[in-house]
Trainee: 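This structure is in structure tokens; I'll ask about it shortly.
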Amino acid sequence: MPELHVASGKVREIYSVDDDRLLLVASDRISTFDVVLPTEIPDKGRVLTGLSGFWFARTEQIVPNHLLALREDGRSTECRLLEMLPIECVVRGYITGSGWKDYLANGAVCGHRLPEGLRESDKLPEPIFTPSTKAQTGHDENITRDQAAELVGRERFDEVELVAIALYRFASEHAEARGIILADTKFEFGLDENGTLVLADEAFTPDSSRFWPVDEYEPGHGQPSFDKQFVRDYCETLGWDKTYPGPELPHEVVAGTRARYVEAFERLTGISFDDYLADPEVVLR
Ligand code: PZK
């Protein structure tokens, strides 16, 4: 049963298993400032795969998901082949990134009017759903609720918004109690053969979410990223222009970054990463 390669993301690959199954493989590649670096972070793909599996298992009561099995290698997920919705489903609990830019320019994000006087990285009164387009190249662009509803249909839009906010509330509450703020997160949804909404892709990983350490949280400026800060700080010391090719990372930066990924995994799951490596399906129990 040779799996056929069907697509590459910056740091992941998709293979087709059979008519109704895909294999998602998370590599150890890391990107910063939108550039994939030549140096890998050992086990990064396993951390992300394990975290997604953990969250899929714990959010089944909110929405069904595409996960069928985690493979022994710890980095490969067998999943159901779905018809994907053409929008990125972003939920923001804090005002940062493109949301902060839009707020400064318009006082609103994707049509959500926000209170005056917010500082960068402030917590929002309520989490907001801020869909974006799926850009083939370059950055996803924020769209209004009406534009998103045009792309997926009004009823489906209402369902996706409700589910996405419920997922965010569930995971961010769990994470904050364990010392990690999930500032925002991006979901991808698909439909199964019955037209049922299914959570796909990855869920609440540091590549799909902003993780901030609770102890260092300080509104009024951008926050250090839980996982990539060593890499960004190192890159800033080089005077690199942030175009390809990116710099090789020294071994201390690699080791420090790997330790941060493993720390995020262990804090969020309460499971030792060695136990995950011995048997990846521990995260599903
Ligand atoms: C699907 N992507 C994004 C992820 C890449 C690209 N269950 C599914 N059914 C159908 N399609 C997808 C999924 C999922 N998940 C996801 N693109 C298609 C993506 C990883 C690597 F190159």
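Both counts, for ligands and for their atoms, begin at 1 and track the order of listing. Computation of the quantities below employed the complete heavy-atom set of this structure, encompassing side-chain atoms and omitting hydrogens, waters and symmetry-equivalent molecules. Being a predicted model, the structure only gives us computed values, none of them experimental.
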Trainee: Find all atoms of ligand 1 within a distance of less than 4.0 Å from any non-hydrogen atom belonging to L24, and give their numbers and elements.
Mentor: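 Going through ligand 1 atom by atom, the ones under 4.0 Å from L24 are 15 (N).
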
Trainee: When you compare ligand 1 with E188, is there at least one nitrogen or oxygen pair between them that comes in under 3.5 angstrom?
Mentor: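 Looking only at distances, the answer is no, because the N/O contact criterion of under 3.5 Å is not met.
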
Trainee: Looking only at the side chains, is there a donor atom on one of T205 and S208 sitting less than 3.5 Å from an acceptor on the other?
Mentor: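 Yes, S208 and T205 have a side-chain donor paired with an acceptor closer than 3.5 Å.
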
Trainee: Short N/O distance, under 3.5 Å, between D201 and ligand 1?
Mentor: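 Yes, at least one N or O pair falls under 3.5 Å.
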
Trainee: Which residue and atom name correspond to the protein heavy atom nearest atom 22 (F) of ligand 1, and how close is it?
Mentor: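 Ranked first by proximity to atom 22 (F) of ligand 1 is G9 N, 2.7 Å.
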
Trainee: Which atoms from ligand 1 have a heavy atom of S8 less than 4.0 Å away?
Mentor: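 Checking each atom against S8, I get 22 (F).
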
Trainee: Do S8 and E13 pair up side chain to side chain, a donor and an acceptor below 3.5 Å, judged on atom types alone?
Mentor: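 S8 vs E13: donor-acceptor pair found between side chains.
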
Trainee: Could you list the atoms of ligand 1 found under 4.0 angstrom from a heavy atom of A7?
Mentor: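 By the 4.0 Å cutoff, the relevant atoms are 22 (F).
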
Trainee: Starting from atom 11 (N) of ligand 1, which protein heavy atom do you reach first, and at what distance in Å?
Mentor: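 The answer is M84 CG, 3.4 Å.
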
Trainee: Could you tell me whether ligand 1 has any atom less than 4.0 Å away from a heavy atom of G190?
Mentor: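 No, G190 has no heavy atom closer than 4.0 Å to ligand 1.
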
Trainee: Under 4.0 Å from a heavy atom of L22: which atoms of ligand 1 are those, numbered in the order shown and with their elements?
Mentor: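 In order of number, 8 (C), 9 (N), 10 (C), 11 (N), 12 (C), 13 (C).
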
Trainee: Would you find a donor on one side and an acceptor on the other, under 3.5 Å apart, between the side chain of S31 and the backbone of D34?
Mentor: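 No; judged by distance alone, with no hydrogens or angles, the pair does not exist.
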
Trainee: Which part of E83 is near ligand 1, with near meaning a heavy atom under 4.0 Å away: side chain, backbone, both or neither?
Mentor: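 Under 4.0 Å from ligand 1, E83 contributes no heavy atoms.
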
Trainee: When you check the side-chain N and O atoms of H66 and D201, is any donor under 3.5 Å from an acceptor?
Mentor: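 No pair is found: no donor N or O on one side chain lies under 3.5 Å from an acceptor on the other.
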
Trainee: Does a side chain donor of either S225 or D227 reach within less than 3.5 Å of an acceptor in the other side chain?
Mentor: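 On atom types as modelled, these side chains qualify, holding a pair under 3.5 Å.
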
Trainee: Would W100 and H221 count as a close aromatic pair, with their ring centres under 6.0 Å?
Mentor: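 No, the ring of W100 stays outside the 6.0 Å limit from the ring of H221, centre to centre.
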
Trainee: Check whether any N or O atom of L82, backbone or side chain, sits under 3.5 Å from an N or O atom of ligand 1, and answer yes or no.
Mentor: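 Checking ligand 1 against L82, an N or O pair does fall under 3.5 Å apart.
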
Trainee: For R145 and T130, does a side-chain donor sit closer than 3.5 Å to a side-chain acceptor?
Mentor: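 Note: R145 and T130 side chains miss the donor-acceptor criterion.
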
Trainee: Please report the C-alpha distance between F157 and E161 in whole Å, then the side-chain angles of each, then the deciding distance to 0.1 Å, and finally whether the side-chain contact (heavy atoms from CB on, under 4.5 Å) criterion is met.
Mentor: CA-CA 6 Å; F157 175 84; E161 175 174 52; 4.0 Å; yes

Trainee: Counting heavy atoms only, name the option from K10, R12, H66 that's nearest to atom 14 (C) of ligand 1.
Mentor: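 Shortest heavy-atom distance from atom 14 (C) of ligand 1: H66.
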
Trainee: Which heavy atom of the protein is the closest neighbour of atom 7 (N) of ligand 1, given with residue, atom name and distance?
Mentor: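 Of the protein heavy atoms, R80 O, 2.8 Å lies nearest.
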
Trainee: Starting from atom 16 (C) of ligand 1, what is the nearest protein heavy atom, named by residue and atom, and what distance separates them?
Mentor: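 I find the closest protein heavy atom is I14 CD1, 3.8 Å.
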
Trainee: Using a 6.0 Å distance limit plus a 45 degree cone around the ring axis, check whether R46 lies over the aromatic ring of Y276.
Mentor: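 No cation-pi geometry.
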
